Peer 1: 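After the structure tokens below, expect a handful of questions from me.
Letters go in sequence order (proteins before strands), and every chain restarts at 1. Worth saying up front: this structure is predicted, and the values here are computed from it rather than measured.
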Protein chains: 2
Amino acid sequence: MVTLAEVAQHAGVSASTVSYVLSGKRSISATTRLRVEQSIRELGYHPNAGARALASSKSNIVALMIPLRTDMYVPVMMEIAIAVATTARTHGYDVLLLTGEEGPDAVRRVTGSGLADAMILMDVQLDDERLPLLRGTDQPSVLIGLPADTSGLTCVDLDWNATGALCVEHLAKLGHRDVAVIGEAPAVYERHTGFAERTLDGLRSRARELDLRVLHRPCEGGYDAMAATLARVLDERPGTTGFVVQNESAVEPLLALLRQQGRAVPEDVSVVAICPDQVATQASVRLTSVAIPAQEMGRHAVERLVAKLDGRGSDDVVLIAPELTVRASTGPAPTAP
Amino acid sequence: MVTLAEVAQHAGVSASTVSYVLSGKRSISATTRLRVEQSIRELGYHPNAGARALASSKSNIVALMIPLRTDMYVPVMMEIAIAVATTARTHGYDVLLLTGEEGPDAVRRVTGSGLADAMILMDVQLDDERLPLLRGTDQPSVLIGLPADTSGLTCVDLDWNATGALCVEHLAKLGHRDVAVIGEAPAVYERHTGFAERTLDGLRSRARELDLRVLHRPCEGGYDAMAATLARVLDERPGTTGFVVQNESAVEPLLALLRQQGRAVPEDVSVVAICPDQVATQASVRLTSVAIPAQEMGRHAVERLVAKLDGRGSDDVVLIAPELTVRASTGPAPTAP
DNA sequence: ATAGGTTGTCGAAGCGCTTCGACAGCAATC
DNA sequence: GATTGCTGTCGAAGCGCTTCGACAACCTAT
């Protein structure tokens, strides 16, 4: 392993000079800089991460806590993780992957050991047990997702309230009066995951204003679960003509079932999905949808975090405005016979 | 931040004693150990990762390189990543997430800087440009996936050859004579991703032995692409009664299309999928499938890696035997009218 | 009693880097 | 010609830990 000292010797300068060439924290004459850079290249020098971290108290690593469970939005999580990793890299940071498994202990471990300079938390629950720890440390952090109390925290999320409202508005405008919401798996609501509840709140309150009737049913993904859910919905509200689907693994089953029952989309029934664009365009009917901007969320989170690490930036909430794209799964409500 | 020295002072012992309590590398009397452990707890001490890495030349971090692109098996990748992270943790390692973006440079950076003690590579291509670097370093590594030349490398993968063979065997046993393979997106083959080619090889050579006709068509995921592919297949081989689908985002579209064309599954047409069990059980027809054992692969990879780090373990290839589960999407070939 | 082992603890060196203060050299100012 | 102010470089201290050799203290076997 090549060390700083060896580079210094090779270039005929002192170790500190090499360090300053690397960090740019003091001015170095062009000739020395070039000589040092040349030596670095020739020897194939890479600074030792541990030594650097020890001396500077900075690891240049950000931790990313992802959920352990895979009961929702797996591709979204993945896309966020990838966006976080690539964005972090452009700012000179590497990403440490933590699963939810350790829970709050992971936060303690990371802050305590100086393993990472900052953290990004995903899968935030409304009353997340990691939050007190984050508030109690001076290590910067960003949440992807919104807890109930955001004071003293930086959060990035899609504006789920607005998303719910947007979906129901679109259906209202098309004349639908009875709307069913196919939600995430029950477990997601039970653990009070912010986005699911917020979507529903936003949707319901807008529906009230617009005088629509809303029936919400959580739904595990998959064909069988969707079949059972649909049967119950149509039994309870036979006049339902609009669907909002938040569980992406229920989308395709729903379409198949409707088709099978002779209900045409969008002639008889309209469907709005909340899902990544890829899902919306690959479905058997091109879906009118509100996109989940996974990449943007990941990128934003890192950029807020880097800002904080640089001393710029402050605690606040970044809500990304939802956008609804009209495709082929929604149309005017059928006129009563 | 609490340091070792502070713990030592608090416990009335020397720093080295505390260190030995922590590492267990020398025997310590029960009384001192207890006293030290007590102090550690009271002060809330966490060893500093950087200092540790510097002094011991071990970071206790393993790097995981995941593919940047998301054109295949996203949930599988995610599951592997999570399995790697949790398994690594049980062995005292953390996981650094690298995306393919940097390519071979990432390998250089990580080995050069001592950021990680070892690495796991995913999305391995048959002739991967990272391999020479891995062979040229003494840093342990494990590949998830099989390159063309595995000499000097440790690899973990599903036995894709056997997987292909298994699928076609199952169809043959049911009396099907004409089989179509719906493959991954063309790009996957173009970059010579091992698993796709191997599956095909295994399938073709077994088909030859069993005297079946095979038609292979790569296919982007989604409904439209699948529709076009299916039309071409049925045009070229109208007698096709068996399908093997490797692209999980083509499965549901295929089922929908067949249904739409009045071809019943499994009465008229049989479908075998290669996909995670979750996909197979959630599809509109419960799919006969060969499971992709994502968790097992991740776990295995970490365990091989840890073995190497401990000086046990050697270079070799672990192939996981495929298992075919019969569900409702395959049945006897229809007898010719 | 003495030599030879064990066991438990300590002191000190050193891992490779950053960073601070010092200072030589030189140009501009009075 | 002395003073001030830069600029560019160096030496040394120190970050918090691991680890090696030393060595008391005690136990066994002669």
Peer 1: Any idea which of C/dC10, C/dC17, D/dT9 is nearest the A/A51 side chain?
Peer 2: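 Shortest atom-to-atom distance from the side chain points to C/dC17.
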
Peer 1: Using a 4.0 Å heavy-atom cut-off, does A/L4 contact any base of the nucleic acid, only the sugar-phosphate backbone, or nothing at all?
Peer 2: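 Base contact.
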
Peer 1: How long is the line joining CG of B/N48 and P of D/dG14, in whole Å?
Peer 2: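 In whole Å, D/dG14 P lies 18 Å from B/N48 CG.
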
Peer 1: Checking all strands, does B/I28 fall into the base, sugar-phosphate, or nothing category for heavy-atom contacts under 4.0 angstrom?
Peer 2: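 Here B/I28 touches the backbone only, sparing every base.
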
Peer 1: Could you check whether the side chain of B/R52 and the base of D/dT18 have a donor-acceptor pair of N or O atoms closer than 3.5 Å, going by distance alone?
Peer 2: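 Looking at the base of D/dT18, it does not pair with any donor or acceptor on the side chain of B/R52 (distance under 3.5 Å).
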
Peer 1: Please state how far atom CD in B/Q9 lies from atom P in D/dG16, giving the value in whole angstrom units.
Peer 2: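 After rounding, the gap between these two atoms is 14 Å.
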
Peer 1: Any side-chain N or O of A/T3 less than 4.0 Å from the OP1 or OP2 oxygen of C/dC15?
Peer 2: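 No, no such contact exists.
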
Peer 1: Expressed in angstrom and rounded to an integer, what is the separation of A/L22 atom CG from C/dT19 atom C1'?
Peer 2: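 Answer to the nearest Å: 14 Å.
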
Peer 1: Using atom CG of A/L54 as one end and atom C1' of D/dG14 as the other, report the distance to the nearest whole Å.
Peer 2: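 So the two atoms are 9 Å apart, to the nearest Å.
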
Peer 1: Would a distance-only check, ignoring hydrogens and angles, find a side-chain to backbone donor-acceptor pair under 3.5 Å from A/R33 to A/S27?
Peer 2: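 Between the backbone of A/S27 and the side chain of A/R33 there is no qualifying donor-acceptor contact (under 3.5 Å).
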
Peer 1: Mind calculating the distance between CG (B/L115) and P (C/dC17) to the nearest angstrom?
Peer 2: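 Those two atoms, CG and P, are 13 Å apart.
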
Peer 1: Of the nucleotides C/dT9, C/dC20, C/dT19, which has the atom closest to the A/S56 side chain?
Peer 2: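 Shortest atom-to-atom distance from the side chain points to C/dT19.
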
Peer 1: Output the single nucleotide from D/dG16, D/dC10, C/dC17 whose closest atom is nearest the side chain of A/T17.
Peer 2: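 So the nucleotide nearest the side chain must be D/dC10.
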
Peer 1: Using a heavy-atom cut-off of 4.0 Å across all strands, would you classify A/S16 as base, sugar-phosphate, or nothing?
Peer 2: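 The answer is base, as A/S16 lies within the cut-off (heavy atoms under 4.0 Å) of a base atom.
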
Peer 1: What is the distance from CZ of B/R33 to P of C/dT7, rounded to the nearest Å?
Peer 2: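 That distance rounds to 14 Å.
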
Peer 1: Is any side-chain heavy atom of B/S59 closer than 4.5 Å to a side-chain heavy atom of B/R52?
Peer 2: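 When only atoms from C-beta onward are counted, B/R52 and B/S59 do not touch, as no gap falls below 4.5 Å.
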
Peer 1: Assuming nearest nucleotide by heavy-atom distance, tell me which of B/S57 and B/A30 is located more 5' along DNA chain C.
Peer 2: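 By nearest-heavy-atom nucleotide position, the 5'-most residue is B/A30.
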
Peer 1: Compare the minimum distances between each of D/dG16, D/dG11, D/dC20 and the side chain of B/A55, then state the nucleotide with the smallest one.
Peer 2: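 That would be D/dG16.
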
Peer 1: Which part of the nucleic acid does A/T32 contact within heavy-atom distance under 4.0 Å: base, sugar-phosphate only, or nothing?
Peer 2: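 The answer is sugar-phosphate, as A/T32 gets under 4.0 Å only of primed atoms, P, OP1 or OP2.
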
Peer 1: Rounded to the Å, how far apart are B/R26 CZ and D/dA22 P?
Peer 2: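 These atoms are roughly 11 Å apart.
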
Peer 1: A/Y45 has an atom OH; how far is it from atom C1' of C/dG16, in whole Å?
Peer 2: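 In whole Å, C/dG16 C1' lies 7 Å from A/Y45 OH.
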
Peer 1: Is it the case that the side chains of A/R41 and A/Q38 hold a donor-acceptor pair, with the cut-off being a distance below 3.5 Å and no angle test?
Peer 2: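 Judged by distance alone, the side chains do pair up.
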
Peer 1: Could you list the residues that satisfy salt bridge (Lys or Arg N to Asp or Glu O under 4.0 Å) with A/E42, not counting sequence neighbours?
Peer 2: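 A/E42 satisfies salt bridge (Lys or Arg N to Asp or Glu O under 4.0 Å) with no residue once adjacent residues are dropped.
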
Peer 1: Taking OP1 and OP2 of C/dT18, is either one under 4.0 Å from a side-chain nitrogen or oxygen of A/K25?
Peer 2: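 The answer is no; no side-chain N or O of A/K25 sits under 4.0 Å from OP1 or OP2.
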
Peer 1: Can you see which heavy atom on A/R130 is nearest to which on A/D123, and at what distance?
Peer 2: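 Closest heavy-atom pair between A/R130 and A/D123: NH2-O, 3.4 Å.
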
Peer 1: Can you tell me which nucleotide in C/dT9, D/dG16, C/dG8 comes closest to the side chain of B/S27?
Peer 2: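 Given the options C/dT9, D/dG16, C/dG8, the side chain of B/S27 is closest to C/dG8.
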
Peer 1: Check whether any side-chain nitrogen or oxygen of B/Y20 sits under 4.0 Å from OP1 or OP2 of C/dT7, and answer yes or no.
Peer 2: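 For B/Y20, the contact criterion (side-chain N or O under 4.0 Å from OP1 or OP2 of C/dT7) is not met.
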
Peer 1: Within the structure shown, what part of the strands sits under 4.0 Å from A/S19 by heavy-atom distance: base, sugar-phosphate, or nothing?
Peer 2: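 Base, at least one base atom sits under 4.0 Å.
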
Peer 1: So, is A/S14 close to the D/dC10 phosphate, meaning a side-chain N or O under 4.0 Å from OP1 or OP2?
Peer 2: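 So the side chain of A/S14 is within the cut-off, an N or O lying under 4.0 Å from OP1 or OP2 of D/dC10.
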
Peer 1: If we only count heavy atoms from C-beta on, is the A/L305 to A/V62 side-chain gap below 4.5 Å?
Peer 2: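 Sidechains of A/V62 and A/L305: in contact.
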
